[in-house]
**Student:** 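For reference, the structure I am asking about is given below.
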Amino acid sequence: MSTPQDHVSPDRVVIFDTTLRDGEQCPGASMTLEEKLEVADLLDTMGVDVIEAGFPIASNGDFESVAEIARRAKNAVIAGLARAIPVDIARAGEAVKAARRPRIHTFVSTSPIHLEHQMRKTQDQVIDIIAGTVAQARNLVDDVEWSAMDATRTPIDYLQRCVETAVKAGATTINLPDTVGYATPSEYEAMFRQVRAYILDRVPNGEQIVFSAHCHDDLGLAVANSLAALAGGARQIECTINGLGERAGNAALEEVVMAIRTRGDVLPFATGIEATLLTRASKLVSAVTSFPVQYNKAIVGRNAFAHESGIHQDGMLKNNTTYEIMTPDSVGVSKTSLVMGKHSGRAAFRDKLKALGYELGENALNDAFSRFKELADRKKVVYDEDIEALVDHEIAVAHDRMKLVSLTVIAGSHGPQRATMKMEVDGVVITEESAGNGPVDATFNCIQAIVPHEAKLALYQVHAVTEGTDAQAEVSVRLEDGDKAVTGRGSDPDTLVASAQAYIIALNKLATKRGSLNAQAQPAAE
Ligand SMILES: CC(=O)SCCNC(=O)CCNC(=O)[C@H](O)C(C)(C)COP(=O)(O)OP(=O)(O)OC[C@H]1O[C@@H](n2cnc3c(N)ncnc32)[C@H](O)[C@@H]1OP(=O)(O)O
Ligand SMILES: CC(C)C(=O)C(=O)O
Ligand SMILES: [Mg+2]
């Protein structure tokens with residue numbers, strides 16, 4: 001029977017995914033059988049070497065899901081977790097037995113804190129437990145992993161004795177977890193170096209034992225510690241998709257894999273992971289657990305390949321290596337996104353307009369850019385539709401004779417509503433104040449007062465261009481005057497400003513059609 005270590009070369013790192021076991025221990029992250037099967041299938045497809053499918057003694061449901069994953073797995077080793085208790089080990093053995101490559105993963109505490117307070121056992125008693133339970137597991141399967149729970153708070157000489165006992169009882173993989181996320185990288189590396197040297201000294205064929213890192217992120221060091229363990233001789237890393245796991249989580253699989261892949265110069269290792277599936281795996285795990293991925297999460301966060309600031313966008317447009325150390329497609333993201341916002345510059349704005357199909361001259365571009373900056377100051381996210389609305393408006397008003405200068409509206413439950421408007425008509429600024437039956441009526445009455453006209457309002461429609469309460473409103477107005485009908489569209493985060501703009505644009509079109517601001521649309525005398 002083959003085990004992962006059969007194909008381990010000095011530079012090959014076994015990726016052991018524990019999303020379905022340690023990941024599921026994260027409060028609120030439990031998954032149904034169907035969800036676990038979907039995750040396991042993807043992990044198997046993406047080249048995870050070992051899938052820890054669950055803790056079979058924990059419940060019948062856990063047992064069933066480990067057994068079903070074991071039956072379905074095509075390539076991966078399927079591991080079931082067991083305490084150092086005979087009934088746990090028997091149950092784990094039963095759950096994984098249908099796997100092409102079954103593994104029992106058994107663990108016991110080794111630190112003085114755990115021995116005294118949790119296990120209530122002496123060091124010698126735990127040594128006996130290790131010898132008995134590892135041997136039991138090895139009688140059930142050829143591939144046995146033994147873990148020293150809380151290894152990083154265990155005196156090194158006792159840890160070495162425990163590991164020697166486990167190896168001599170038949171363990172093929174030795175895991176030294178940083179169970180409480182306490183270690184620093186240099187300490188963790190040194191621990192592996194010392195324990196491994198001890199085993200190589202005392203156990204024939206000790207170099208065939210695979211040492212494994214299992215790190216928690218309580219101090220945000222899980223990935224750094226896992227990579228440091230490689231320098232100390234570890235060749236298996238236990239990790240989870242999105243770093244899901246007990247408390248602050250485990251080392252994130254996607255970060256481990258991409259660190260190794262991106263920094264081969266200082267991490268001369270390889271994994272068998274198909275990295276282009278990382279984003280899909282992240283989305284799947286996030287969906288089935290309902291745990292959102294933080295926006296700025298490395299590799300799979302939605303901002304991992306997004307740039308908003310002008311200097312970075314300018315660099316990215318010149319050459320993407322200026323601000324990206326890996327390509328988005330290498331992790332399954334279709335493309336870099338240059339997000340338009342208040343920090344964006346002209347280079348990105350010009351590029352965005354081009355992508356949206358606009359070719360503006362330098363002056364028009366500068367005008368549109370300063371309107372865009374004003375909008376970005378008021379709005380959290382500027383969507384493509386916002387920019388289109390803004391540029392359409394810019395083009396529409398470029399040659400207009402009537403322009404909105406300012407608008408103030410007093411609205412509320414006690415009418416009548418009042419609007420004060422300043423409009424520029426043929427270069428002259430005119431101010432009017434009007435009341436109305438509602439704020440829109442008051443606004444339109446101002447326009448009527450400034451530019452008296454006969455045209456009738458045939459349609460008034462408002463819709464939000466984008467989502468959120470700060471969305472731009474887009475207003476359409478249709479004016480009919482005899483045989484002439486025109487429409488105007490205005491957009492602004494303020495619905496009343498958008499309404500006034502739409503109306504004035506329509507009025508401008510009417511004036512253009514008539515060739516002058518004639519009797520139908522005459523500015524009022526000041
Ligand atoms: C670091 C880790 O991630 S360890 C894995 C943690 N994961 C889980 O605990 C999830 C699944 N757990 C469960 O469903 C339950 O805790 C079970 C089924 C395992 C045990 O349930 P219970 O029998 O009710 O025990 P309970 O959870 O209250 O306490 C744990 C017992 O296991 C003992 N224990 C803990 N770890 C080990 C171990 N590695 N080997 C042997 N005994 C252990 C504890 O000392 C305690 O024993 P005690 O009852 O004699 O004091
Ligand atoms: C069961 C063990 C490996 C564990 O999850 C830990 O120590 O964190
Ligand atoms: Mg853990």
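Atoms within a ligand are numbered from 1 in the order they appear, just like the ligands themselves. Quantities reported herein were computed from a predicted structural model and do not represent experimental measurements. In what follows, residues are counted from 1 in the order of the sequence shown.
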**Student:** Less than 3.5 Å apart, any donor N or O on the side chain of Glu474 or Gln472 sitting next to an acceptor on the other?
**Tutor:**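 No.
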**Student:** Could you tell me whether His216 approaches ligand 1 through its side chain, its backbone, both or neither, with non-hydrogen atoms closer than 4.0 Å?
**Tutor:**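 The answer is neither; His216 stays 4.0 Å or more away.
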**Student:** Under a 4.0 Å heavy-atom limit, does Glu238 contact ligand 2 with its side chain, its backbone, both, or neither?
**Tutor:**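 Under 4.0 Å from ligand 2, Glu238 contributes no heavy atoms.
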**Student:** What do you reckon, does Thr179 have a nitrogen or oxygen under 3.5 Å from a nitrogen or oxygen of ligand 2?
**Tutor:**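 N/O-N/O distance below 3.5 Å exists for this pair.
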**Student:** With no hydrogens and no angle check, just 3.5 Å: does a side-chain donor-acceptor pair link Asn250 and Thr240?
**Tutor:**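 No, Thr240 and Asn250 have no side-chain donor paired with an acceptor closer than 3.5 Å.
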**Student:** Can you tell whether the side chains of Lys318 and Asp314 come within less than 4.0 Å, N to carboxylate O?
**Tutor:**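 So Lys318 pairs with Asp314 through a salt bridge.
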**Student:** If you consider just the N/O/S atoms, which atom of His216 is the closest one to the Mg ion (ligand 3)?
**Tutor:**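 Among the N, O or S atoms of His216, the one closest to the Mg ion (ligand 3) is NE2.
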**Student:** Report yes or no: does a heavy atom of Arg21 sit under 4.0 Å from some atom of ligand 1?
**Tutor:**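 So Arg21 counts as touching ligand 1.
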**Student:** Counting N and O atoms only, with roles assigned by atom type, does the side chain of His105 sit under 3.5 Å from a partner on the main chain of Gly80, one being a donor and the other an acceptor?
**Tutor:**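 No.
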**Student:** Assess the side chains of Ser212 and Glu238: does a donor N or O sit below 3.5 Å from an acceptor N or O?
**Tutor:**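 Judged by distance alone, the side chains do pair up.
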**Student:** Do we see a donor-acceptor contact under 3.5 Å between the side chains of Asn242 and Ser282?
**Tutor:**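 Result is yes, a qualifying pair exists.
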**Student:** Ion pair present between Glu68 and Arg71, side-chain N to carboxylate O less than 4.0 angstrom?
**Tutor:**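 A salt bridge is present here (some side-chain N lies under 4.0 Å from a carboxylate O).
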**Student:** Applying side chain to side chain donor-acceptor pair (under 3.5 Å) to Ser344 and Gln313, what does each step give before you reach the verdict?
**Tutor:** CA-CA 7 Å; Ser344 300; Gln313 292 177 327; 3.2 Å; yes
**Student:** Out of Arg83, Glu24, Gln25, whose heavy atom sits nearest atom 36 (N) of ligand 1?
**Tutor:**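 Nearest option to atom 36 (N) of ligand 1, by heavy atoms: Arg83.
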**Student:** For ligand 2, which atoms sit closer than 4.0 Å to a heavy atom of Asn175?
**Tutor:**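 Close to Asn175: 3 (C).
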**Student:** Is any heavy atom of the protein nearer than 4.0 Å to atom 15 (C) of ligand 1?
**Tutor:**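 Not a single protein heavy atom is under 4.0 Å away.
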**Student:** With atom 40 (N) of ligand 1 as the reference point, say which of Ala148, Ser147, Ala84, Pro177 has the nearest heavy atom.
**Tutor:**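 Among Ala148, Ser147, Ala84, Pro177, the closest heavy atom to atom 40 (N) of ligand 1 comes from Ala84.
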**Student:** So for ligand 1, is Phe55 a polar contact partner (N or O within less than 3.5 Å, distance only)?
**Tutor:**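 So ligand 1 has no N or O lying under 3.5 Å from an N or O of Phe55.
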**Student:** Atom 32 (O) of ligand 1: protein heavy atom closer than 4.0 Å?
**Tutor:**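 Under the 4.0 Å cut-off, atom 32 (O) of ligand 1 does have protein heavy-atom neighbours.
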**Student:** For atom 45 (O) of ligand 1, find the nearest protein heavy atom and state the residue, atom name and distance (0.1 Å precision).
**Tutor:**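 Its nearest protein heavy-atom neighbour is Gln118 O, 3.2 Å.
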**Student:** Protein non-hydrogen atoms only, distance under 4.0 Å: does atom 22 (P) of ligand 1 have such a neighbour?
**Tutor:**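 Flag for atom 22 (P) of ligand 1 set to false, no protein heavy atom closer than 4.0 Å.
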**Student:** Any protein heavy atom at under 4.0 Å, with atom 3 (O) of ligand 1 as the reference point?
**Tutor:**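 True for atom 3 (O) of ligand 1.
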**Student:** Taking C-beta and beyond as the side chain, do His114 and Arg153 meet within less than 4.5 Å on heavy atoms?
**Tutor:**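 Yes, their side chains come closer than 4.5 Å.
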**Student:** If you measure every N/O of His216 against every N/O of ligand 2, is any gap under 3.5 Å?
**Tutor:**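 Checking ligand 2 against His216, an N or O pair does fall under 3.5 Å apart.
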**Student:** I'd like to check atom 29 (O) of ligand 1 in this structure: does the protein have a heavy atom lying under 4.0 Å from it?
**Tutor:**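 False for atom 29 (O) of ligand 1.
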**Student:** What about Met149: any of its N or O atoms under 3.5 Å from an N or O on ligand 1?
**Tutor:**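 For ligand 1, there is no N or O atom that lies under 3.5 Å from one belonging to Met149.
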**Student:** Quick check on atom 26 (P) of ligand 1 - does any protein heavy atom sit closer than 4.0 Å to it?
**Tutor:**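 No, because not a single protein heavy atom sits under 4.0 Å from atom 26 (P) of ligand 1.
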**Student:** Does any N or O atom in Thr179 lie less than 3.5 angstrom from one in ligand 1, N or O only?
**Tutor:**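 Between Thr179 and ligand 1, no N or O pair is found under 3.5 Å apart.
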**Student:** When you check the gap from the basic side-chain N to the acidic O, do Arg247 and Asp218 get nearer than 4.0 Å?
**Tutor:**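 Salt bridge: yes.
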**Student:** Would you call the rings of His214 and His216 parallel, tilted or perpendicular, where under 30° means parallel and over 60° means perpendicular?
**Tutor:**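 Tilted.
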**Student:** Tell me which N, O or S atom from Asp22 is the closest to the Mg ion (ligand 3).
**Tutor:**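 It is OD2 of Asp22.
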**Student:** Can you tell me which residue and heavy atom of the protein come closest to atom 41 (C) of ligand 1, and the distance to 0.1 Å?
**Tutor:**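 Looking only at protein heavy atoms, the one closest to atom 41 (C) of ligand 1 is Ile85 CG1, 3.6 Å.
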**Student:** Confirm or rule out an N/O/S atom of Glu246, from backbone or side chain, lying less than 2.8 Å from the Mg ion (ligand 3).
**Tutor:**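 Looking at Glu246, which is the residue asked about, there is no N, O or S atom under 2.8 Å from the Mg ion (ligand 3).
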**Student:** Decide whether Asp17 and Thr19 meet the rule of one side-chain donor and one side-chain acceptor closer than 3.5 Å.
**Tutor:**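 On atom types as modelled, these side chains qualify, holding a pair under 3.5 Å.
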**Student:** Could you check atom 39 (N) of ligand 1 against the protein and tell me its nearest heavy-atom contact, residue, atom and distance included?
**Tutor:**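 Atom 39 (N) of ligand 1 sits closest to the protein heavy atom Phe107 O, 2.7 Å.
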**Student:** In this structure, does ligand 2 have an atom that sits under 4.0 Å from one of the heavy atoms of Arg21?
**Tutor:**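 In this structure, Arg21 qualifies as a contact of ligand 2 - some heavy atom is under 4.0 Å.
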**Student:** Before accepting this row, confirm whether a basic side-chain N of the pair Glu52/Arg103 lies closer than 4.0 Å to the acidic partner's carboxylate O.
**Tutor:**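 No, no charged N to carboxylate O under 4.0 Å.
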**Student:** Angle class for the Tyr323/His312 ring planes (parallel below 30°, perpendicular above 60°, tilted otherwise)?
**Tutor:**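 Ring orientation of Tyr323 relative to His312: parallel.
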**Student:** I'd like to know if atom 48 (P) of ligand 1 has any protein heavy atom within a distance of less than 4.0 Å.
**Tutor:**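 No.
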